[in-house]
Amino acid sequence: MPRITMREAISQALWEEMERDPKVFILGEEVGVWGGTYAVTKGFYDHFGEKRVKDTPIAEAAIIGAAIGAAMTGQRPVAELMTINFAFSAMDHIVNEAAKLHYMFAGQFVLPMVIRAVGGGGRQLGATHSQTPDAVFAHFPGLKVVSPGTPEDAKGLLKAAIRSDDPVLFIEHATMYQVRGEVPDGDFVIPIGKSKVQRPGKDVTIVTYSKGLEISLKAAEVLAKEGIEVEIVDLRSLRPLDMEPVIESFKKTNRAVIVEEGWKSYGVGSEVAARIYEQAFDYVDAPVKRVAQKEVPLPYNRTLEQLALPQIADVIQAVKEVL
Amino acid sequence: MEKSVYLEMFYQMVVIRRLEDAAAQLYQQGKIGGFLHLYIGQEAVSTGLISPRKPQDRVITAYRDHGVAINCGLSSNEVMAELLGKATGCTKGKGGSMHMADVKKNFWGGHAIVGAHLPLAAGLALGDQYQGSDGVTICMFGDGATNIGYFHEGVNLSKVWKLPVLWVCENNLYGMGTTVERASAVSEIRQKAEGYGIPNERVDGMDILAVRRASAKALDYVRAGSGPYFLEIITYRFRGHSMGDPERYRQAEEVKCWQEENDPIGFYHKHLVDNGIASADELAALDRKAAQEIAEAVRFAESSPEPAPEALWEHIYTE
Ligand SMILES: Cc1ncc(C[n+]2csc(CCOP(=O)(O)OP(=O)(O)O)c2C)c(N)n1
Ligand SMILES: [Mg+2]
């Protein structure tokens with residue numbers, strides 16, 4: 001299998017879906033002539049033309065609103081938000097329109113659309129440009145929220161998202177575009193809403209996704225040298241949330257650490273921990289631990305920013321604490 | 001106008017140019033992180049605009065804010081230190097390039113969400129109106145920002161409530177890689193102000209004296225209680241949108257043409273010399289002084305302490 005980067009995987013998924021289905025088109029800021037600020041759509045404008053690769057004004061509400069409208073007519077828009085921080089400028093359209101229309105109008109409106117958004121901190125962009133608000137969006141029924149941690153998942157899940165008839169928010173991590181991994185050749189789809197064991201183990205269950213997967217895998221290497229075998233379950237999708245592999249793993253290890261980049265309060269870890277207690281209380285041998293971002297807006301200064309973000313060492317420490 | 005005012009404006013422009021050049025170098029050396037949006041090419045806009053302001057006039061802008069900070073009276077030391085994320089920076093290393101401010105200098109920030117600071121500007125002006133101050137809020141933003149809803153909400157409100165705001169669109173012809181024509185229904189941005197019934201004017205932003213004149217007139221109008229005013233200032237950014245911009249959207253020729261034929265500093269230099277306002281020697285001396293000031297700012301910033309780890313927990317709430 002070829003080893004490609006996350007960027008290439010996402011780019012391939014978009015390209016192949018556009019080749020496959022003429023209803024698919026891309027809209028967003030700098031997706032065309034520029035080639036995407038993270039170079040994901042480089043070459044698309046020249047190949048597919050401006051009808052299908054649409055540069056928009058800086059107008060997030062219009063980007064998402066127009067995507068919703070076009071989707072309702074049967075198109076399959078992929079709307080790109082330059083970063084997820086700008087999703088707040090389109091919050092009404094994401095929350096009050098995209099997540100509601102199908103239900104509120106009793107199934108009459110169908111929204112086969114994807115919102116791609118880049119999230120995450122660690123690049124010294126300051127408080128407004130570094131957020132990981134994934135859990136915020138996962139709060140709303142009616143919206144699917146997907147966030148891959150490997151190139152293979154990125155490609156297969158993005159294809160599933162584009163083919164889905166429901167609105168999907170697809171969150172990419174700004175510092176993971178260079179992450180490499182094996183990706184099968186050709187067309188394949190990974191169903192949305194299936195968690196996956198990314199590393200088998202027997203001592204402690206780590207539940208994570210996206211950037212958290214990257215740091216958890218590194219922590220697992222270190223722990224393995226000390227004879228501690230963690231099992232890593234990658235959620236891949238925050239809504240729908242597939243707890244089955246988590247619970248199965250937990251029943252084996254009886255201990256869990258949840259790793260996410262966003263803030264701890266009301267976060268992914270809170271949700272997963274609650275479900276573990278609800279669904280596997282009899283198997284709990286230690287309080288579930290959460291590793292997350294310190295509860296501060298992210299500062300620009302590099303040292304301070306890294307202090308606030310969850311680190312490999314934090315994961316290692318949390319695993320040892322539940323053992 | 002007194003000679004000292006002419007020279008002060010020249011000095012501020014060359015300080016900004018040299019500060020930005022030094023920042024670009026420090027970025028390449030990895031000493032500045034994040035995004036770095038340079039103001040090179042646009043110096044005459046904020047220098048001319050802010051020059052006639054009164055101390056009670058507030059200034060608020062977007063993320064392209066280093067030059068604006070200098071014009072508002074922040075020292076190049078604290079601007080440079082902020083770029084390096086040091087404790088001595090104007091926002092103590094927390095804000096960085098895009099988020100500079102100094103309330104004591106009536107500079108209300110660098111704001112990085114495009115257009116989001118326009119409603120804030122309306123609010124600053126509302127505060128002044130409420131408190132009976134004759135201060136004017138000068139709100140700067142890019143051409144691209146006039147396409148987001150925030151622009152329209154803020155500008156409309158200012159007219160409805162007759163708020164003391166001077167709206168200033170820095171039209172540098174591009175929002176990142178998108179030309180005004182590809183993003184805005186009208187390519188004369190001032191027409192948007194026309195739509196809201198706000199008096200407006202289009203100004204050559206490479207001619208600092210034209211900018212200053214327009215600003216002085218607009219500030220008088222707003223200060224008199226007549227409501228908002230709108231300036232569209234035509235300019236050009238000589239560098240990429242931010243560092244690392246591949247600039248595939250414009251021809252190198254076009255950039256070169258602006259740099260060589262329309263440099264605001266060169267233009268002003270010629271004006272000052274041709275009209276006998278200052279000699280080339282005097283201006284060269286000012287440029288040398290600016291170079292020294294920036295060299296000192298770099299030294300200051302590099303030798304300044306990092307913020308203490310506890311600073312992470314400061315300023316989340318007031319107490
Ligand atoms: C709401 C929002 N959307 C997108 C961005 C990303 N972005 C930052 S600057 C910029 C272009 C702004 O262009 P313009 O207003 O013309 O200002 P200029 O950079 O030319 O000074 C974009 C799209 C952002 N910061 N905020
Ligand atoms: Mg612009």
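Computed over heavy atoms, backbone and side chain alike; hydrogens, waters and symmetry mates excluded. Each chain gets a letter, A, B and so on, in the order its sequence line appears, and its residues count up from 1. Quick caveat: nothing in here was measured; it's all calculated off a predicted structure.
Neither the backbone nor the side chain of B:Phe151 has a heavy atom closer than 4.5 Å to any heavy atom of chain A. Of the atoms belonging to A:Lys42, it is side-chain heavy atoms, and not backbone ones, that fall under 4.5 Å from chain B. Contacts between B:Ile32 and chain A at a heavy-atom distance below 4.5 Å involve backbone atoms as well as side-chain atoms. A:Ser89 touches chain B through backbone and side chain together, each having a heavy atom under 4.5 Å away. Residue contact with chain A, scored on non-hydrogen atoms closer than 4.5 Å, involves the backbone of B:Ala308 exclusively. Using a 4.5 Å cut-off between heavy atoms, B:Leu36 does not touch chain A at all. For A:Arg123, the parts lying near chain B are the backbone and the side chain together; criterion is any non-hydrogen pair under 4.5 Å. Both the backbone and the side chain of B:Met176 come within less than 4.5 Å of a heavy atom of chain A. Using a 4.5 Å cut-off between heavy atoms, A:Ala308 touches chain B through backbone and side chain atoms alike.
Ranked by heavy-atom pairs shorter than 4.5 Å toward chain B, the options A:Lys294, A:Arg302, A:Gln124 are led by A:Gln124. If you tally non-hydrogen atom pairs under 4.5 Å between each of B:Val114, B:Ile316, B:Asp245 and chain A, the highest count goes to B:Asp245. Of the listed residues (B:Arg182, B:His99, B:Glu306), the one with the most heavy-atom contacts under 4.5 Å to chain A is B:Arg182.
Heavy atoms from other residues, nucleotides or ligands lying under 6.0 Å from CD of B:Glu181 number more than 12.
For the 3.5 Å distance criterion, the side chains of A:Ser265 and A:Glu295 qualify, holding a donor opposite an acceptor. A:Gln317 and A:Glu321 share a side-chain donor-acceptor pair at under 3.5 Å. For the residue pair B:Arg64/B:His241, the side-chain donor-acceptor check at 3.5 Å is satisfied.
Taking the six-membered ring where tryptophan is involved, the planes of B:Tyr63 and B:His37 are tilted, since the angle between them lies from 30° to 60°. Aromatic ring orientation, B:Tyr236 versus B:Trp258: parallel (interplanar angle below 30°, classes split at 30° and 60°).
Using a 4.0 Å cut-off between a side-chain N of Lys or Arg and a carboxylate O of Asp or Glu, A:Glu214 and A:Lys218 qualify as a salt bridge.
Of the candidates B:Arg190, B:Arg202, B:Lys192, B:Arg202 is the only one forming a side-chain hydrogen bond (donor to acceptor under 3.5 Å, both in side chains) with B:Glu232.
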